[in-house]
Amino acid sequence: MARSSGRVTMQDVAKLAGVTARTVSNVVNDYPFVKEETRKRVWAAVDELGYTMNVSARGLKQGNTGLIALAIPDLTMPYFADLSDAVIAQAQKRGLSVLIEPTASNRQREKEALNRVRGSFGDGIIYCPLEIDPEELKRIDVGTPMVVLSEPEGNPRYDHVMIRNREAAEAATAHLISGGSRRIVALGLGAGQAKGPALQRLLGYRDALARYEITPDPRLEVSTHAWHRSDGVAAIDQLFDSDVAFDGVFAFTDQLASGALHSLQMHGMRIPQDVAVVGFDNNDESKYLVPSLTTIDPGIDEIADRAIEILSDRIAHTAPNERIVTQVDFRLVQRNSSRSA
């Protein structure tokens with residue numbers, strides 16, 4: 001069947017798939033209890049006809065727009081780019097469109113993102129703050145469904161989907177220790193006091209040192225301006241300039257780890273023989289670095305799936321009354337930048 005030159009309707013999809021329009025609606029809205037064979041037939045018809053949901057019309061009927069916001073710190077960082085792709089993919093399965101709100105890790109812009117949602121734009125928001133802390137977030141009334149991608153404190157006001165930052169950081173540091181490293185750099189603290197993911201990763205690093213009875217050295221807890229590759233280069237260069245001895249690096253992002261690898265190689269270090277390195281994020285580039293990077297995979301697809309599922313249920317008023325706080329699993333992906341036990 002040729003793709004229509006006019007607007008494709010749900011009835012067109014139903015006719016091609018041999019089902020009712022109601023069944024098409026159930027499939028594109030990801031409702032349960034639809035046979036897998038029927039679901040595949042409907043999606044094949046959707047693809048062939050190029051059907052897209054009319055979210056404006058749906059909004060008039062359901063009292064919502066079909067639009068949600070995703071507020072993230074920095075689209076130039078691979079982790080947040082990958083997260084955005086995963087959120088968009090999961091949202092599309094539920095007939096939702098996503099507006100990306102980059103906040104540049106800036107406190108004012110993080111607040112502005114919430115103000116825009118409070119001003120009746122969109123049906124909800126997935127929110128990834130770095131500068132607004134959990135206690136402050138409790139005092140903010142967004143007035144719309146929100147899922148926060150961070151660790152809550154105490155009794156949260158909003159739903160949270162969490163990376164297991166502390167446990168993952170402990171596993172990364174323990175891996176370095178088991179491979180023989182004893183003077184391990186924790187790379188990626190904020191320029192000021194550590195908080196949010198950086199604080200949790202620092203605490204996990206310290207947990208591993210304590211477990212192996214290694215005395216912490218404050219000089220090895222290294223601050224960076226941001227979490228980009230250039231920040232990793234600058235931080236490791238500074239360590240060499242300061243004559244601080246180290247034989248391992250736990251970098252709080254793969255970008256920082258990539259910069260660390262570059263600096264180490266420029267200083268003639270062998271990796272992992274002289275200095276072993278572990279990153280955090282498992283972005284696509286990490287497997288192609290030389291040497292390939294051992295890293296933590298934080299479970300981006302599961303984060304996106306859970307966040308969209310919870311937000312969709314809140315929008316549809318089908319979520320439980322109590323706030324949902326859920327953690328996703330992580331895994332250590334060992335490659336050539338670290339040593340085996």
Side-chain angles (χ1 to χ4, degrees), residues 3-4 6-14 17 21-32 34 39 42-77 79-104 109-110 112-129 142-149 158-159 161 300-319 324:
R3 186 172 291 200
S4 170
R7 179 172 180 81
V8 178
T9 67
M10 190 174 289
Q11 286 73 23
D12 294 329
V13 175
R22 177 66 179 174
T23 298
V24 174
S25 177
N26 288 342
V27 170
V28 297
N29 284 290
D30 201 28
Y31 290 166
V34 178
R39 193 180 297 276
V42 168
W43 280 119
V46 167
D47 290 341
E48 181 173 339
L49 296 176
Y51 171 69
T52 57
M53 294 187 70
N54 186 339
V55 296
S56 297
R58 186 181 71 172
L60 291 173
K61 292 180 180 179
Q62 298 182 352
N64 54 49
T65 65
L67 297 173
I68 62 171
L70 171 63
I72 56 172
D74 191 347
L75 263 177
T76 66
M77 293 183 64
Y79 170 79
F80 292 115
D82 292 345
L83 176 64
S84 298
D85 284 345
V87 167
I88 290 169
Q90 293 298 328
Q92 287 177 338
K93 293 179 181 179
R94 293 166 173 81
L96 297 170
S97 298
V98 181
L99 174 70
I100 307 295
E101 287 265 358
T103 59
R109 289 182 63 175
E110 287 182 1
E112 288 171 358
L114 295 180
N115 288 336
R116 275 190 284 275
V117 175
R118 189 187 294 116
S120 299
F121 176 84
D123 303 325
I125 180 171
I126 296 174
Y127 189 58
C128 187
V142 179
T144 194
M146 180 164 75
V147 176
V148 183
L149 304 185
Y158 300 101
D159 300 313
V161 176
I300 286 178
D301 288 338
E302 187 181 355
I303 292 167
D305 180 55
R306 289 293 294 130
I308 287 292
E309 179 183 26
I310 294 168
L311 190 65
S312 297
D313 288 346
R314 288 286 177 216
I315 293 170
H317 305 289
T318 57
I324 299 169

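Just so you know, residue 1 is the first one in the sequence shown, and it goes up from there.
Between the side chain of R314 and the backbone N or O of M146 there is no donor-acceptor pair closer than 3.5 Å. Although no hydrogens or angles enter the test, the distance criterion places a donor-acceptor pair under 3.5 Å between the side chain of D123 and the main chain of G66. In this structure, the side chain of S97 does not engage the main chain of L67 through any donor-acceptor pair within 3.5 Å. In terms of modelled atom types and a separation under 3.5 Å, the side chain of Y158 and the main chain of Y127 share no donor-acceptor contact.
Taking both residues in full, the closest heavy atoms of R94 and S312 are given as CD-OG, 3.2 Å, listed atom of the first, atom of the second, then distance. Across all their heavy atoms, T103 and P73 have their closest contact at OG1-CA, 3.4 Å. Of all heavy-atom pairs spanning P102 and R109, the tightest one is O-NH2, 2.8 Å.
Among residues two or more places apart in sequence or in another chain, the salt bridge (charged side-chain N to carboxylate O under 4.0 Å, His left out) test is passed with E110 by none. Annotation: side chain to side chain donor-acceptor pair (under 3.5 Å) contacts of D305 (sequence neighbours excluded): none. The side chain to side chain contact (heavy atoms under 4.5 Å, CB included) test applied to A45 returns V13, L16, A17, not counting sequence neighbours. In this structure, the side chain to side chain contact (heavy atoms under 4.5 Å, CB included) partners of A307, at least two apart in sequence or on a different chain, are I126, V147, L149, V161. With sequence neighbours excluded, the residues satisfying side chain to side chain donor-acceptor pair (under 3.5 Å) with E309 are R306. Residues satisfying the side chain to side chain contact (heavy atoms under 4.5 Å, CB included) test with D85, not counting sequence neighbours, are none.
A distance of 6.5 Å separates CG of L49 from CG of D12, quoted to the nearest 0.5 Å. L96 contributes atom CG, which lies 12.0 Å from atom CD1 of I88 (distance to the nearest 0.5 angstrom). Here the CD1-OG1 distance, from I315 to T144, works out to 7.0 Å after rounding to the nearest 0.5 Å.
The shortest distance between side-chain heavy atoms of I308 and I68 falls below 4.5 Å. By the 4.5 Å heavy-atom criterion applied to side chains, D74 and Y79 are not counted as neighbours.
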